Amino acid sequence: MARIITVGAAQLGPIAREEPRAQVVGRLLALMRQAKETGCGLVVYPELALTTFFPRWLLEDPAGIESFFEREMPNAETQALFDEARRLEIGFYLGYAESVEEDGARRHYNTSILVDKSGEILGKYRKIHLPGTAEVVPGRAGQHLEKRHFGVGNLGFPVWRAFGGILGMCICNDRRWPETYRVMGLQGVEMVLIGYNTPVGLGDPYELDALTPFHNHLSMQAGAYQNAAWVVGVAKAGCEEGINMIGQSCIIAPSGEIVAMCRSLGDELITYRCDLDMGRPYKEDIFNFAAHRRTEAYGLIVERTGAEPPPD
Ligand code: CDV
């Protein structure tokens, strides 16, 4: 019998700095209800889906910074999402800024959670590949200060048996790194959920900015194909606080093909009926890791060349 997850990619348009959490949660609820009406069992929201993308700012006032973070999940403002998930019997992935007390110190992470159909948190992931800088880069048109605002995730890349399959999570810049998918692929992942905020116009050479939409899909399609897994990539899109962010939220099959994609830069839901067994022929043949991966040979190559280029 086919193992089907009907998944919704719930893209968000911009969130203004002053937009109250309750209003954002209202937008998330509207997309969740739409997802349920179209038959979804799981809905995926973007990275930092409760606030504007605040790492674009230096932000020096500790109380101001803390106002972008959630100290508990669920909390008074997000409880409605969990209640509605339980009522509708729909799971969700949610990205948010997490503030937590660890080893006697307050730490901040760029986090996502996977919530099941009964509204219980099944799993948590903390972003590992933090892009940008810890300090303002002088003269740059726009800043990306994730290394200032977040610690490197300390939960690895686990996978969860959920929704009838094996699911994993990562966040935005993680999607550009083959290790992200492969670590989950080695654990048999069948669907990878990704939220992202990808700005353009921060001061990169135009040639790089112009290729941003291509690189977005290239990395996710390669990750899907090379690990025989579904990938659901969901953007916060549009012009947010003067910064343009790409959309192109999409659902990608284990073949690497995009099977659904958002057309707008606003709140938009796309859905697809994903057969988790579609990855099986790839896992059993071309990407049969046990049969074809040659880690012992990769090691020999590293040993021979070291850090030096090969001899002429
Ligand atoms: N939020 C992100 O991680 N954004 C990065 C940008 C800054 C390159 C991304 O990989 O899309």
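Only a predicted model underlies this, so the values are computations on that prediction, with no experimental measurement involved. The residues of the chain are indexed from 1 along the displayed sequence. Counting starts at 1 for both ligands and their atoms, following the listed order.
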>> Quick one, Glu268 with Arg27, criterion salt bridge (Lys or Arg N to Asp or Glu O under 4.0 Å). Give me CA distance, side-chain angles, the key distance, then yes/no.
In response: CA-CA 10 Å; Glu268 179 181 351; Arg27 289 165 61 183; over 6 Å; no
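- Sorted by chain and number, the residues within 4.0 Å of ligand 1 by heavy atom are Glu47, Phe53, Lys127, Pro131, His144, Glu146, Cys172, Asn173, Arg175, Arg176, Asn197, Thr198.
- Evaluation of the ring-ring contact (aromatic ring centres under 6.0 Å, His included) test over residues 245-286, restricted to residues two or more places apart or in two chains, returns Trp230-Tyr272.
- The hydrophobic cluster containing Phe92, built from Ile/Leu/Val/Met/Phe/Trp/Tyr side-chain heavy atoms closer than 4.5 Å, also comprises Leu12, Ile15, Val24, Val25, Leu28, Leu29, Leu31, Met32, Val43, Tyr45, Leu50, Met73, Leu81, Phe82, Leu88, Ile90, Leu94, Tyr96, Ile113, Val115, Ile121, Leu269.
- Sequence neighbours left out, not one pair with a member in residues 191-215 passes ring-ring contact (aromatic ring centres under 6.0 Å, His included).
- Tested against Arg71, the residues Glu66, Glu101, Glu77, Glu98 include a single salt bridge (charged side-chain N to carboxylate O under 4.0 Å, His left out) partner, Glu66.
- We find the CE-CD1 distance between Met220 and Ile258 to be 7.0 Å, quoted to the nearest 0.5 Å.
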